[in-house]
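Computed from heavy atoms alone, side chains included, the values below leave out hydrogens, waters and symmetry copies. Below, chain A is the first sequence line, B the second, and so on; all start at residue 1.
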Amino acid sequence: MSKTQATVASLADHYLTWSPEKIAAFRQTLLSWYDAEGRDLPWRQDQEPYHILLSEIMLQQTQVQTVIPYYQRFLAALPTIQDLATVPEEQLLQLWSGLGYYSRARNLQKAAQQLVHDYAGVWPRTAAELVDLAGVGPYTAGAIASIAFGEAVPAVDGNAFRVFARLLEIDLDITKPQTRLVFSAIIARLIDPARPGDFNQAIMDIGTRYMTAKNPDETQSPLRRFDASAAAGTSLQYPVRQKKARPVVQHYFALAIHSPAGWLLLQRPTTGMLARLWLFPLLDQDELLTASQADQPDKTLTTANPLAAPAKNGAGQPTEPPSDPAVLLAAVTTAWQALSGWPTPLPLRDPHLPLVKHTFTHRQWQLHLLTAELPQVPDLANLPGRWFAAADFPAAALPTVQRKMLQALDLPN
DNA sequence: TAAACGTGGTG
DNA sequence: TCACCAAGTTT
């Protein structure tokens, strides 16, 4: 046994001190409650592994009520794993548009292709094998293995962390990878080998219904007599987790360019934020600053330069865009000309719309919208662009931040 | 190990 | 307005 395994096992022993009788009573209480009060969710209609996989991927860091309509629409469009394996990426991203964490969609398709090609359509039935699928980590592998195939393995998600941290007063930092192993070892001792999928899903339902993060209702929980932190009045102290960093603010100009062919959107690069989705052209204010410096190497940049990036005040401290409108438009025009290679300068206008703000997990975008109406359709040349009819926006592969910009411009979204 | 990766809800 | 959270995985 490795040092890590020994540590994990001893920690599990430390936090889980229930007798075999208490463990049996816990299973009985939990599953009886689940049979009577468990939620009726679309992905609980059957145990099709494809249905379980799809729901579990969509549910990663995403709430049930958000997922339900996406799940229904996705399955209606792609009823089988073969359909998913072969669908064009554009349609895949259309189906995922607005759900976030878009790499999930591309990993999901990759997993489908692995299943069809590498596994010849025969599903691996254990968590140990399922983690080899793209986008399937320890939690999702455990969920699929237990729910679809009846393997007695834990599925340690945020609910399981919260529920068991409170029941057993586990004060380990759940953001540490080692901690997952301890929870997994504890749950492996508690899980009902006869009904592992129901056990895992029952914990999720309890976590959502009674043992919520903010306003727990633990006195009504069927597990109250197993709940040490509720007895001690310390529920809200669990689970313990490291604080997250605040998002960094980034300023962009967003160009809403319209021609007789429609509105110009650019496809994002293959990697990074919003990969492969479609957005108005964005110009980073800091890069614009760099470019204007390069054009005028003899001039020293001062804070009076209207294009100077606003002082970094940190997240949540909105800063003003450059103040001189004429200079601003000229600089953006120059930058766009360099980027697009278009011979004619862009007739940019500033409609003075409110800044569009959009906060991601780790950064905030502040978008200053500028518009341009072109009498003729310019050549896209090497731009990764496409002209969209306004009527096509609602069904397109757009991220939410793009829909916010469309809304600000009073366009369909 | 820590950072990247979306969005919507809540107090 | 803002911090925190929600059925996490990848690099």
On a whole-Å scale, what distance lies between the P atoms belonging to dT11(C) and dG6(B)? 13 Å
Can you find a donor-acceptor N/O pair under 3.5 angstrom joining the side chain of Thr66(A) to the base of dG8(B)? no
Base, sugar-phosphate alone, or nothing: which one does Thr359(A) contact when heavy atoms must sit under 4.0 Å apart? base
Thr140(A)-Gln60(A) side chain donor-acceptor pair, cut-off 3.5 Å: yes
Report yes or no: is there a donor-acceptor pair, N or O only, under 3.5 Å between the side chain of Arg246(A) and the base of dA3(B)? no
Name the nucleic acid region contacted by Thr400(A), choosing base, sugar-phosphate or nothing; use a 4.0 angstrom heavy-atom cut-off, strictly under. sugar-phosphate
To the nearest Å, how far apart are Ile57(A) CD1 and dT10(C) P? 8 Å
Select base, sugar-phosphate, or nothing to describe what Ala160(A) touches, counting heavy atoms under 4.0 Å on all strands. nothing
Figure out the OH/P separation between Tyr238(A) and dC5(C), and round it to whole Å. 16 Å
Distance in angstrom units between Leu99(A) CG and dC5(B) P, rounded: 17 Å
Hydrogens and angles aside, do Gln366(A) and Gln364(A) bring a side-chain donor and acceptor to less than 3.5 Å of each other? yes
With C1' as the reference atom in both, quote the distance from dA3(B) to dA7(C) in angstrom, rounded to an integer. 22 Å
Just to be sure I understand the rule, does Gly98(A) reach a base, reach only the sugar-phosphate, or reach nothing, if contact means heavy atoms closer than 4.0 Å? sugar-phosphate
Considering only heavy atoms and no angle criterion, is a donor-acceptor pair shorter than 3.5 Å present between the side chain of Thr62(A) and the base of dG6(B)? yes
